[in-house]
Amino acid sequence: MALDQLAEHKEAVRRFLEEERDADRVTEYPELCTADYAEHDPAMPQETVDLEGAREVYGGVATAFALRHTVESMVAEDDLVAARFTVRGRHIGEYRGIAPSGRTFEAAGQATFRFRDGKIAESWFNWDFQGMQEQLRPDSATPS
């Protein structure tokens with residue numbers, strides 16, 4: 001694969017993760033992803049979702065938490081991009097039946113993205129969901 005195409009894939013992943021445009025990944029999904037996009041995330045209520053499901057799931061997360069993703073590093077080869085990221089947030093809305101606490105969290109994660117025809121066709125997320133939950137507990141040492 002040409003270096004310029006790998007660079008384009010990495011830039012698409014950065015846009016997807018860091019939500020640079022309008023700070024809203026939900027609106028970015030159709031532009032950055034294929035119509036048959038599949039997202040895998042074992043931390044979510046349904047581990048694998050399609051494009052609309054991903055938009056719905058992420059929309060709920062974004063409503064519950066003021067989020068900011070930072071890409072720490074990326075590598076690309078063939079049709080794959082792997083990214084290591086940090087997600088930071090504040091619990092500002094109800095999430096899975098838990099009332100907003102105002103508490104903050106920071107969690108590390110890794111995601112792999114598969115491209116087809118210049119768009120993200122599939123992604124696999126692994127991030128420290130348990131660590132996030134622990135930081136949001138009222139008795140955690142994380143300052144709010």
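Taking each heavy atom of Pro100 and Gly93 in turn, the nearest pair found is CB-N, 3.5 Å. For the pair His69 and Leu17, the tightest heavy-atom approach, listed with the atom from each and the gap, is CB-O, 2.9 Å. Closest approach of Ala83 and Val13 over heavy atoms only: CB-CG1, 4.0 Å.
Classification of the Tyr37-Phe16 ring pair by plane angle, with boundaries at 30° and 60°, yields tilted.
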Between side-chain atoms of residues 105-113 and protein atoms elsewhere (two or more places apart, or another chain), which donor-acceptor pairs fall under 3.5 Å?
| residue | atom | partner | partner atom | Å |
| --- | --- | --- | --- | --- |
| Glu106 | OE1 | Arg88 | NE | 3.1 |
| Gln110 | NE2 | Thr112 | OG1 | 3.0 |

Could you pull out all donor-acceptor pairs under 3.5 Å where a side-chain atom in residues 46-55 meets a protein atom, sequence neighbours excluded?
| residue | atom | partner | partner atom | Å |
| --- | --- | --- | --- | --- |
| Gln46 | NE2 | Thr48 | O | 3.2 |
| Thr48 | OG1 | His40 | ND1 | 2.8 |
| Asp50 | OD1 | Glu52 | N | 3.4 |
| Asp50 | OD1 | Gly53 | N | 2.8 |
| Arg55 | NE | Val26 | O | 3.0 |
| Arg55 | NH2 | Val26 | O | 3.4 |

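Remark: Glu77 engages no residue in a side chain to side chain contact (heavy atoms under 4.5 Å, CB included) (not counting sequence neighbours). Considering only residues two or more places apart in sequence or on other chains, His91 meets the side chain to side chain donor-acceptor pair (under 3.5 Å) condition with Ser101. Qualifying side chain to side chain donor-acceptor pair (under 3.5 Å) partners for Gln5, counting only residues two or more places apart in sequence or in other chains: none. Not counting sequence neighbours, the partners of Ala43 by the side chain to side chain contact (heavy atoms under 4.5 Å, CB included) test are Asp41, Trp127, Phe129. With sequence neighbours excluded, the residues that form a side chain to side chain contact (heavy atoms under 4.5 Å, CB included) with Asp4 are Ala2.
In this structure the side chain of Leu67 reaches within 4.5 angstrom of the side chain of Tyr58, judged on heavy atoms. Contact check for Ile120 versus Phe115: side-chain heavy atoms found under the 4.5 Å cut-off.
Pairs passing the salt bridge (charged side-chain N to carboxylate O under 4.0 Å, His left out) check and including a residue from residues 116-126, sequence neighbours excluded, read Asp36-Arg116, Arg114-Glu122.
With hydrogens and angles ignored, the 3.5 Å screen pairs no side-chain donor or acceptor of Glu11 with any backbone N or O of Ala7. Judged by distance alone, the side chain of Glu18 and the main-chain N or O of Val71 form a donor-acceptor pair under 3.5 Å.
Under the 4.5 Å side-chain contact rule for hydrophobic residues, Tyr29 and Leu32 share a cluster. Note on Val57: it clusters hydrophobically with Phe125, by side-chain heavy-atom contacts below 4.5 Å among ILVMFWY residues.
We find the NZ-CD distance between Lys10 and Glu8 to be 12.5 Å, quoted to the nearest 0.5 Å. Residue Arg68 holds its CZ atom at 11.5 Å from OG1 of Thr86, rounded to the nearest 0.5 Å. Here CD of Glu39 is found 8.5 Å from CE of Met44. Values are rounded to the nearest 0.5 Å.
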